[in-house]
Visitor: 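Here it is: the structure, laid out below.
Fair warning: this is a prediction, and the values are worked out from it, not measured in the lab. Within every chain, numbering begins at 1; the chains are lettered A, B, ... in the order of the sequence lines, protein sequences first and strands thereafter.
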4 protein chains.
Amino acid sequence: MQGPDKDKGQAIIAAAKRIFALHGYNQARVEDIAQAAGVGKGTVYEYFSSKQAVFEQVVDAGMSQYMKGLEDEIRRDASPATKLRQIAVLHMKFVTNHQNLANIIIADPAIMSPHRARLREICEQAQDMVAGVIEQGIRMELFKAVDTLLATQAFFGILSSVGVSHLVRQQSRNPEEVASLAVDLFLYGLVTA
Amino acid sequence: MQGPDKDKGQAIIAAAKRIFALHGYNQARVEDIAQAAGVGKGTVYEYFSSKQAVFEQVVDAGMSQYMKGLEDEIRRDASPATKLRQIAVLHMKFVTNHQNLANIIIADPAIMSPHRARLREICEQAQDMVAGVIEQGIRMELFKAVDTLLATQAFFGILSSVGVSHLVRQQSRNPEEVASLAVDLFLYGLVTA
Amino acid sequence: MQGPDKDKGQAIIAAAKRIFALHGYNQARVEDIAQAAGVGKGTVYEYFSSKQAVFEQVVDAGMSQYMKGLEDEIRRDASPATKLRQIAVLHMKFVTNHQNLANIIIADPAIMSPHRARLREICEQAQDMVAGVIEQGIRMELFKAVDTLLATQAFFGILSSVGVSHLVRQQSRNPEEVASLAVDLFLYGLVTA
Amino acid sequence: MQGPDKDKGQAIIAAAKRIFALHGYNQARVEDIAQAAGVGKGTVYEYFSSKQAVFEQVVDAGMSQYMKGLEDEIRRDASPATKLRQIAVLHMKFVTNHQNLANIIIADPAIMSPHRARLREICEQAQDMVAGVIEQGIRMELFKAVDTLLATQAFFGILSSVGVSHLVRQQSRNPEEVASLAVDLFLYGLVTA
DNA sequence: GATGAATGAGGGTTCATTCAT
DNA sequence: AATGAATGAACCCTCATTCAT
């Protein structure tokens, strides 16, 4: 699968990420990716077995990077609220960086269907980590005894939605600031005290 | 282009909604849609000018139905919090009903690109309506003086995320209950009082 | 009795002649013909078994009309040159009236292939008639002893070419005048005496 | 193994010329052309943007070859009658070689409609050249003071008609001989001196 | 290894024909 | 008889994939 020249493989992944995000999976032609990577069309097949495989590598690379960052934050010694704040920044950056790859995966059920189980597993791992933080907060009586799964999904939902809207569409604020405001809302709610 | 038999056109729209949601735009063959609607492949073209047009009609039908419901809720005489609660139920039902059509639109930039401007306008109308409710709450000093745009996006983000996860994947709870829990979280936050 | 059926069949033939001449065989849709004839699409199939059959009827109608005129001219008591002059006017009117139907037949080998033999037979009948006139002229030592087949084809070639150019494209002169000039050229040649 | 690009493009043109002449434009499937050229269906689209474009290239190739020959004859130092005789041979060969491509163009108004203006221009150039020769003959008082446009059209009409009949249908004589007989008729007419 | 010319399966779309009303 | 909604065979074209250089 992996050709010997790691740099070229990475260049193709990077190019593919841009092209997929820009045009969507089906509208992205292998030739476009090759051109964006500065290689010939056939070269893509030296490094990856198929267009599908390129996409999976793009997703895998993004996810593993994300998971690595997530694990680091979780392992850190901090209060649950602080951890959520840090994870929020991480997630916001991820959303900003990977634009709509996640949507491609969701929207095109045929894509990654062989790998979908593993992808879901990874997502669930991420959710479990955050759920763990929330449970910790609940045990410490800092958080209400809500349904942790629902809260976790709400957490990601807020961040993704706000992230896409604020960062992709308007680049007026930095990710940290937006993440902070979103987490405030998540932690303290909309209603006045 | 529009044949006189409204029922058949509606049947095609309904079938197309299922097929698009199931397979994604590109993997959905016109023949699949025709078969699902119980008509011949050519009949689809008696009612719609193209596959693209079918998709747009599917989206339009869903959106106009949604907007109609939203306007009804907004116009109702109720407290901002109650309005948000009602809108949440509406949105949750919409997400449940339309599954990942929204994601298809987001993920495939080429789809609906001529109509994208109008679609965005509709979405912004919906956001403006909810933003109006939140502003009203802020003026009444019921809500904190947050960035209303950010809060609105967070509101939709929570509902969409929770809706997809809870309702599409696990159908253990009814939309009303899940919407209520999500809104509680949005209004009162995670942190204990 | 002149039932309404006959009228409708004739109307379809007349409409088809216009549509075929205007768009060519393949670009002429059965629906176009039906519409031009002021009837429903299905009605065409009440009178003709297929699009192909409609075209054949159009051609047959034109040819039999043409042949009838030709026979009348041949039977007339006149000098060979005068006969050719009369036939030329007839042919020029035919070309004007039927525009490019002949070209459609020639250009689309699949069209009328079952009937092509008969069509060729009719054309050859027409050629034989004119060839007979030329032979008569040769026997009377009014015409040179040329290859009658070649002369006949030249006769039709001049008339068709001049007819299409002068009458279809520029309608400045009447068929009789143009036919007369063309026949002068055919009879007396270009070179000065 | 495989020759350079140009050869394959030329092979496709040559194959297309045969297939179009044999079946007509619409009945000629792209796959037929590809097969006749000994290439895959997709290869046609490596060299030409569409079926339409293939046809236009076929026509262009034929026309430019024809025009080149025509110009050479015109430029030659010879009497008008001799020039016409040479042009006649050229035209007869062209008709023989290109069979009914011209008819396809005439019969199918939709074909080449974007290029029709240019095609007509080319035809008019050819007509103008021949008209020039005839005018020269008239000025030299070798030819009668006829309408040159009409004479030119008659010239082409004789040659095309005789060419198609004699050469395509019966291949008993060579083009030069037939052309010569046709020109004799055109120059000296049918009537005895 | 790197390339891109060659390939053909697949699908959107048209339209001649049918048939229930 | 007359209609036009319904149908599906046919065909152009795209683009992922292969392979000879």
Visitor: Locate the shortest heavy-atom distance separating C:Y45 from C:S50; write the atom from each residue and the value.
Guide: CE2-CA, 3.9 Å
Visitor: Would you kindly give the CD-to-P distance between D:Q35 and E:dA6, to the nearest whole Å?
Guide: 17 Å
Visitor: Hey, are the side chains of B:N26 and A:Q27 touching, using non-hydrogen atoms and a 4.5 Å cut-off?
Guide: yes
Visitor: Determine to 10° how strongly the helix from E:dA2-F:dT21 to E:dT21-F:dA2 is bent, judged from the axes of its five-pair ends.
Guide: 10°
Visitor: Hey, is the main chain of C:D60 close enough, under 3.5 Å, to the side chain of C:S64 for a donor-acceptor pair?
Guide: yes
Visitor: Any side-chain heavy atom of B:F94 within less than 4.5 Å of one from B:M63?
Guide: yes
Visitor: Are the side chains of A:I13 and A:F48 in touch, meaning some heavy atoms are under 4.5 Å apart?
Guide: yes
Visitor: Where is the tightest heavy-atom contact between C:A37 and C:A11, given as atom of each residue plus distance?
Guide: CB-O, 3.8 Å
Visitor: What is the distance, to the nearest angstrom, from the CG atom on A:D7 to the P atom on E:dG1?
Guide: 15 Å
Visitor: For C:Y25, does the six-membered ring have the charged nitrogen or CZ of C:K51 within the cation-pi criterion, i.e. under 6.0 angstrom from the centroid and within 45° of the normal?
Guide: yes
Visitor: Which is more 5' along DNA chain F, the nucleotide nearest D:Q52 or the one nearest C:V44? Just name the residue.
Guide: C:V44
Visitor: Side chains of B:V39 and B:E46: closer than 4.5 Å at any heavy-atom pair?
Guide: no
Visitor: Does a side-chain N or O from C:K8 land closer than 4.0 Å to OP1 or OP2 of F:dA2, or not?
Guide: yes
Visitor: If I take atom CD1 in residue A:I33 and atom P in nucleotide E:dG4, what distance separates them, rounded to the nearest angstrom?
Guide: 16 Å
Visitor: Measure from the side chain of C:S50, starting at C-beta and using heavy atoms only, and say which of E:dT17, E:dA2, E:dT13 lies closest.
Guide: E:dT17
Visitor: Grab the two heavy atoms, one from B:V44 and one from B:A34, that are nearest each other, plus how far apart they are.
Guide: CG2-CB, 3.7 Å
Visitor: Give, for atom CD1 of B:I122 and atom OH of B:Y66, the distance between the pair rounded to the nearest 0.5 Å.
Guide: 11.5 Å
Visitor: Write down the protein N/O and nucleotide N/O pairs, taken from nucleotides 18-21 of chain E, whose separation is under 3.5 Å; answer none if there are no such pairs.
Guide:
none

Visitor: Rounded to the Å, how far apart are D:F48 CZ and E:dA6 P?
Guide: 12 Å
Visitor: Is there a side-chain contact between D:V54 and D:Y47 in this structure, where contact means two heavy atoms from C-beta onward sitting under 4.5 Å apart?
Guide: no
Visitor: Among the candidates E:dT13, E:dT7, F:dT17, find the nucleotide nearest to the side-chain atoms of A:K51.
Guide: F:dT17
Visitor: Any residue in residues 25-32 of chain D with a heavy atom nearer than 4.0 angstrom to DNA chain F? Just list them by number, or reply none.
Guide: D:A28, D:R29, D:V30
Visitor: In terms of side-chain heavy atoms of B:Y47, which of E:dA6, F:dT17, F:dA6 is nearest?
Guide: F:dA6
